[in-house]
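Input: a single structure, listed below in structure tokens.
Just so it is clear: chains get the letters A, B, ... in the order the sequence lines come, proteins before strands, and each one is counted from 1. The model shown is predicted, which means the values in this text are computed figures rather than measured ones.
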There are 2 protein chains.
Amino acid sequence: MKEFYGILQACALFCGVQEGELEGMLACLGARKVTLQKEESIFREGDPANFVGVVLRGAVRILRTDFYGNQSIVGQVEPGDLFGEAFSCAGVQALPVSAVAAQPSEVLLLDIHRVLTLCANTCAFHSRIVSNLVQVLAGKNLGLNQKLDIASRRTTRDKLLAYLTAQAKAAQSPRFTIPFDRQALADYLGVERSAMSAELSKLQKEGVLKTHRSQFELL
Amino acid sequence: MKEFYGILQACALFCGVQEGELEGMLACLGARKVTLQKEESIFREGDPANFVGVVLRGAVRILRTDFYGNQSIVGQVEPGDLFGEAFSCAGVQALPVSAVAAQPSEVLLLDIHRVLTLCANTCAFHSRIVSNLVQVLAGKNLGLNQKLDIASRRTTRDKLLAYLTAQAKAAQSPRFTIPFDRQALADYLGVERSAMSAELSKLQKEGVLKTHRSQFELL
DNA sequence: GAAAGTCTGTTGGATTTCCAACAAACCGGA
DNA sequence: TCCGGTTTGTTGGAAATCCAACAGACTTTC
């Protein structure tokens, strides 16, 4: 477990916590580590939301399945990121999404009640954690807002450009690698894979970008 | 100002605060009240995000303008609801959205730094406020998630049905009134007004719903 | 290195949306 | 009640997406 302390310290939830304090805190928060194979799910739609997850290794995808069984990718969570915190903090009974490992992964699950409830004894850090949680939730909110910005564009082309420019900005470089293959990107953007591929070709012919597999360069 | 104390007490941010304590708290949080005419804006895209707003009367729409000037409605905020909290809590420099009064309105603006920073003297309630903020942010997160669920549907019909069933569920009744006219609903759903009107007609012919102006009934 | 499986780009027809325009219904004020 | 402005429903052509199918490129496995 100690091998992941670096990840945890870089995690926004534990911002400001000393390494020596982590062990005690994790116990206090009811933490348990879970190891997952690719495609293995951490929770499914309809499950109760009573924990917050921290990705230690690998990556986790948040998926939503619609009435007809069409699957869309809500987001992908990388090491050091949290997931499920909004649902558990809001106290929803049934999760509206599911979470599966995009790769072999390890995640830490924290009991949300222990995170939110101040305990008088050892942990003077609960209020710090709650403050951090505000930051995390606000940041997630921004991410959702950005996703919404993309999703509310009308055309495949506009969605692609909105996503790619955001990625370039995040990478602080016109060259970057995305965490999706074509099918997953289409699921993420909510468009047809074939139409998206065609649009990518067109964008390349127009000299707007270059792409090979998951690597992109905006021109 | 006292006339709005009822609204504030019902507001999730002040949950658990006694009426007698409100006046002191508001002063401590740097609150100032603003009166707005219809269409008047509270903040615009690009403004700094250093406050959180509480709607006291009327309603506020959060708008996003895309590259071509097309406007879309991110959400509508009603009395007792907060807005802008995600951006200010996350500390973004430039707001990605703007906020305008959908009707003649009054809003309360709180200095975000005073909300987040614990002050040792009079206000023992800051930690309570921060806890409440976690709830609010998590709830907003859920709302965004739902909006994303709607926005990521492919067809106008599916978007309409997703939105209307969510509204019916929120109203706990198959009959409900929405806060939009047709154009605003189209902007909210991110579809063409005329195509949406046509789809609504079709849904009525099929016996799925009845609608007159902003009133709907799901069958 | 061959074979099987996966990923990507392309194509064509059916379907849907977009856009502009217009007419009818509705609402508020003179 | 009449008028003018707004909202809503309808229509037709242009454009974009969806869907299914397929071929070539790439990866992995044996």
Query raised in the report: Within the structure shown, what part of the strands sits under 4.0 Å from B:Ser201 by heavy-atom distance: base, sugar-phosphate, or nothing?
Result: sugar-phosphate
Would you mind reading off the distance between [X] atom [atom1] and [N] atom [atom2], rounded to a whole angstrom?
X	N	atom1	atom2	answer
B:Asp158	C:dT15	CG	C1'	14 Å
A:Glu199	D:dA15	CD	C1'	12 Å
A:Phe216	C:dT8	CZ	P	9 Å
B:Leu189	C:dT17	CG	P	12 Å
B:Arg182	D:dT10	CZ	P	11 Å
A:Gln183	C:dT6	CD	C1'	12 Å
B:Gln215	D:dT7	CD	P	17 Å
A:Leu200	D:dT17	CG	P	12 Å

Report each atom pair, protein N/O against N/O of nucleotides 18-21 of chain D, whose distance is under 3.5 angstrom.
unit_1, atom_1, unit_2, atom_2, d
D:dC18, OP2, A:Glu192, N, 3.0
D:dC19, OP2, A:Glu192, OE1, 3.4
D:dC19, N4, A:Ser194, OG, 3.3

My understanding is that only residues two or more places apart in sequence, or in another chain, count here; which of them pass salt bridge (Lys or Arg N to Asp or Glu O under 4.0 Å) with [X]?
X	result
A:Asp149	A:Arg153, B:Arg64
B:Glu23	B:Lys2
A:Glu19	none

Item to complete: Check whether more than 12 heavy atoms from other residues, nucleotides or ligands sit under 6.0 Å from atom NZ of A:Lys33, and answer yes or no.
Response: yes
Atom pairs and distances, donor-acceptor, side-chain atoms in residues 189-204 of chain B, under 3.5 Å, two or more places apart:
unit_1, atom_1, unit_2, atom_2, d
B:Glu199, OE2, B:Arg157, NH1, 3.2
B:Ser201, OG, B:Ser197, O, 3.1
B:Gln204, OE1, B:Thr211, N, 3.3

Across all chains, not counting sequence neighbours, the side chain to side chain donor-acceptor pair (under 3.5 Å) partners of A:Glu78 are A:Gln76
For B:Thr177, the side chain to side chain donor-acceptor pair (under 3.5 Å) test, sequence neighbours excluded, returns none
Per-helix bend value, the helix from C:dG1-D:dC30 to C:dA30-D:dT1, C1' rotation axes over five pairs per end, 10° rounding, shows 50°
Inset, instruction - Check whether any side-chain heavy atom of B:Phe4 lies under 4.5 Å from a side-chain heavy atom of B:Leu108, and answer yes or no. - result: no
Output side-chain donor-acceptor pairs under 3.5 Å for residues 87-95 of chain A, partner residues at least two apart or in another chain, one line each.
unit_1, atom_1, unit_2, atom_2, d
A:Ser88, OG, A:Phe51, O, 3.2
A:Ser88, OG, A:Gly84, O, 3.0
A:Ser88, OG, A:Glu85, O, 3.3

The complete set of salt bridge (Lys or Arg N to Asp or Glu O under 4.0 Å) pairs with one or both residues in residues 48-61 of chain B, sequence neighbours excluded, reads B:Arg57-B:Glu106
The complete set of salt bridge (Lys or Arg N to Asp or Glu O under 4.0 Å) pairs with one or both residues in residues 165-191 of chain A, sequence neighbours excluded, reads A:Arg175-A:Glu217
Polar pairs (N or O, both sides) under 3.5 Å between protein and nucleotides 25-30 of chain D?
unit_1, atom_1, unit_2, atom_2, d
D:dC26, O4', A:Arg213, NH2, 3.4

By nearest-nucleotide position on DNA chain D, the 5'-leaning member of A:Arg157 and B:Ala198 is B:Ala198
